[in-house]
Amino acid sequence: MRLLEIDGNNKLSLTKDLASNIPAYAILSHTWGDDGQEFTFEDLAKGTGELKPGYRKIRFCGDQAARDGLRYFWVDTCCIDKSDAAELQSAINSMFLWYKNAARCYVYLPDVLLSEDDMLQNSPDLSAETAFRSSRWFTRGWTLQELVAPSSVEFFSTGYQRIGDKKSLERLIHEVTGIPVEVFRGYESARYSVEDKLSWVTKRQTKHEEDMVYSLLGIFGVFLPLNYGEGRHNALRRLRDEVERCFPSANICFTERPVWIVPFERNSRFTGRQVQLTEVEEKLLSGKSTRTAIVGLGGVGKTQLALELAYQVRDKYRNCSLGIPGCEEIQADVKRLVKDHLSKESAGQWLLVFDNADDLSMWTSQVGSEPGFERLIDYLPKSKRGCVLFTSRDRKTAVRLAQQNVIQLTEMGEEMAMQLLQKCLIDPDLVENRSTTKTLLRELTYLPLAIVQAAAYINENGIAFADYLLLLADQEEEVIELLSEEFEDHGRYRNVKNPVATTWLISFQQIRHRDPLAADYLSFMCCIDPKDIPQSLLPPGPSRKKEIDAIGTLSAYSFISRRPADQALDLHRLVHLATRNWLRREDLLAQSMENDDHNNRSLWRAYLPHARCVLESKLVDQGWQSRMSLLWKYATCLDKDGRWDEAEAAYIEGLEIEKRELGADHPDTLTSRWEKAEELQLQVIETCKTKLGADHLDTLTNMANLAITFREQGRWEEAEELQLEVMETRKTKLGPDHPDTLTNMNNLALTFGNQGRWEEAEKLALQADGRRRKSCNCK
C-alpha cells in the first residue's frame, strides 16, 4: 500500500509500498470521470497532470486530512500502478480492508451543491436533499464497500463543503440505498445472508460487469483471483463457491429469504409518531430488551404504530423475519414450533408482534388441564437476535409481559391530528378553515380512531366540519348514535368493532370480568361529571387495597388520569359519553352526600358539580324517588353554601316533581314545601343578622316572612313570638304609624284569631286600622 503526502514544496509524493507499520491515513471515495480526466499514478510519477479536473479532489483530500491532523492519505486513481496486473489484483482484494482501516473517509460528491455554511440535515432547501439522493455516487458498484467499511465517513459537496457524516445522515442513506441502518453502525459480515449482500448492489453499476462481483469481495470477506472477461454470472458462481469453502460452518447466514407474515398493507395515512417509533426500535433492536409493549387507550393507534414499525424494520433490516416457517403444518404444535424455531441462532433476526394482548389470564393460565402443560407466556421464544412486541390496552398486562419496557401511547398533538384528518378526507382543503378544524379535533379529543371515523362520515355524506360539529353538539342520544356509526377501515381487523363508541365495550367487559370494583367505579363515574372527581366520592370497596387496585385498573386502561395536585381523577370524555347510554346508576351519589354539615363542607362542595351532572342527564334513570333524594341533598348543600338562588331553583324543582307525582294537596308535598322554605328562610335571616344587623329592615322582612311560614303550618306560638319581635323593632325603627308596622300588627291579629283569641285579635286589628286612618286623614 502506497500513501500520498504533501511535501515541503507543496508537491504530492508517494511513500514506498508499505506492508506493515502503516501510519494513520485518510482515504478518498469518489466517482471516476471520463478517461483522461483523472490524475493517475503515471501523472504523479512524471510530475504532470496538475491541470486535470481530477487533481483538485486529490488536493482537497490532502488538505482535509491535514486539517484533521493526518499527514498521509490515499486515493485509488494515483496510488495503484494499474499497469502491474499483480498489484492491481492485490489492491482490489485488499481495498475493503484499506477503507476499513482508514482513520477518515472523505466522500466527494461533485453533483451536490450546497449554499454557503449549510448542512444537509439542517437545510430547509429540499433541492439539496434531492441532489444528495440522486447523486451518482450511490449508483456505482465500488462505492458500496467505501460506504460500509470505514467507521468514519464524511460527505462533501462540489464546493468541498461538509454535508454531514454517515451517522447523521444514516436514515437518508438508508432510504437511498435500502441498506439496513445497523450496517452503517458497524458492519458484521456474519449477520447477513448472501442474498442480502447481493441485494445491496442490484441497483448499482460498474464499468466492467465482473466488477459487480469483485466489488463484493471485501463485503463477503474472501479473496478471489480476478478474471476479466469471465462475465458476471461466472464471477458470481466463483464467489458463492469461495464463500461456501471459507465458511462451511455457516457463520454467514445462508437462510432462505426472510419470512413476512403481516395481515395488513402499509397504512399510507400513518402520521407522525416518529418519537415513539424510534423509542420502540431502540428498545427492541439495540439489544437492551427482547420484549417491549405499547400500551394506550383503545383507538389511540397502537396497531397502526406496530404495523408501521414492522414495515420500517423490513426496510431497514432486510434479513429480519416477521413470521415463522412451518406454521402451515396442521398437525404441528404451532406454539412449540414457534418457540423452538425462533430460539435457534440459525433463525436469524426476527420480530414477533402480538397485537391486542389485553387478556392477562390468556397468558398466565395453564394451557391444558393435564400436568406438564405450560402457560402461553412460557412459549415465547428467547433469542439474542429476536424481539417480541406486544400491544395492549391494559398497562398491567403489558408490565407482566414486558416488565419495565413499556411505552405509553397517548392521543395526538393538534398538528399531527390535523395532518391525519387531512390524509383521510376526500377534500383535504376542508382543513383550510383552521378555527373550525381545531374545534372539531378538540371535540374528538385528538383520538386517531375518532378522527378517522369522523372523516369517513364526512366523506360519505359530503358535509362540512361545521355540520359534524352540530351533530356532536346534539342530545347525548344522538351523539352516541353518531359515534356508533360503522365505517370501513382496511387497516383494522374484520372481527373488531370500528366505531369509537363501541371499541371500549371490549375493555369494559374485560374490566368487569377481572376487577368488579373497577367496573363499579367506571359505572359510577360515567354518571357524574368526568372532570375533577374526588376519590372520596367513589363507593367504598372491601379494603383500601381493593380500592387502589380498582383505580389502578382504570388507569391501566387509560380510562382515567390522576391530577398531580390532589389526586382527583379525570375520566376520558369520549369514554364517559360512550358508556352513559347503558349505565343506569345514581343512588350511590345520593348516599355520598348524606353529611352536609359545615365541617364536611370541603367534601360535599366537590360533589356538587357531579350531582348537577346526574340531575341534568337524560340518560340516567328518571325514577322520581331516587332523583328527589339526590335533589333535596343537592339543594340543601347549595343552601348551606350560601348559593340561595341555585338552592331556591332546586327546591322549586323538587316541589314541582312532588306535585306532579303525588298531587299538590298530598301531605308529603305540603310538608316538603314548608320544610324547605323554613330552612332557606332561617339561613337568610342568620346571614342578614350577621351582615346587616338584627334590626335592619331586610332582616325584619325575612323574619316576618318566616312567621307567615310558621302560621301556615299551624305553628301559632312560634309565629306569634316572631311577629311580636318584628313589630316591636319596627315601632322603634320606623315608628308606630309606619305602613310596615301596621301590616305586622294585622298579621299578628290574624295569628291571635287562628288560636281563638278573638278579643286580642279584634283589639289589635282596630288599633292598626285607627292608626292607618289617622295617617291618611280618613274618617
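What you see below is based on every heavy atom in this structure, not just the backbone, and it leaves out hydrogens, waters and symmetry mates.
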List in chain and number order the residues that pass side-chain contact (heavy atoms from CB on, under 4.5 Å) with [X], two or more places apart in sequence or in another chain; answer none if no residue qualifies.
{"X": "V176", "answer": "R133, F138"}
{"X": "Q419", "answer": "T271"}
{"X": "Q422", "answer": "P428, V431"}
{"X": "S268", "answer": "none"}

Under a 3.5 Å distance rule, please check whether [X] uses its side chain to pair with a backbone N or O of [Y] as donor and acceptor.
{"X": "S343", "Y": "K382", "answer": "yes"}
{"X": "S392", "Y": "A357", "answer": "yes"}
{"X": "T278", "Y": "Q274", "answer": "yes"}

Among L360, I377, D394, the one residue meeting side chain to side chain contact (heavy atoms under 4.5 Å, CB included) with R400: L360
Test log, rule salt bridge (Lys or Arg N to Asp or Glu O under 4.0 Å), inputs R442 and E411: CA-CA 11 Å; R442 188 165 54 249; E411 290 87 343; over 6 Å; no
Salt bridge (charged side-chain N to carboxylate O under 4.0 Å, His left out) partners for E170, two or more places apart: R185
Note, E547 side chain near L538 side chain (heavy atom, < 4.5 Å):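 Side chain of E547 against side chain of L538, heavy atoms only: no contact under 4.5 Å found.
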Test salt bridge (Lys or Arg N to Asp or Glu O under 4.0 Å) applied to K302 and D355, step by step: CA-CA 8 Å; K302 301 179 295 296; D355 200 14; over 6 Å; no
Heavy-atom pair of closest approach, residues Q312 and R266: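 Closest pair (atom of Q312, atom of R266, distance): CG-NH2, 3.5 Å.
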Intermediate values then yes/no, salt bridge (Lys or Arg N to Asp or Glu O under 4.0 Å), E414 and K438: CA-CA 7 Å; E414 185 177 89; K438 290 180 179 181; 3.7 Å; yes
Determine all donor-acceptor pairs shorter than 3.5 Å in which one atom belongs to a side chain in residues 443-451; sequence neighbours excluded.
none

F390 and F354 aromatic ring geometry - parallel, tilted or perpendicular at 30°/60° bounds: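 Correct class here is parallel.
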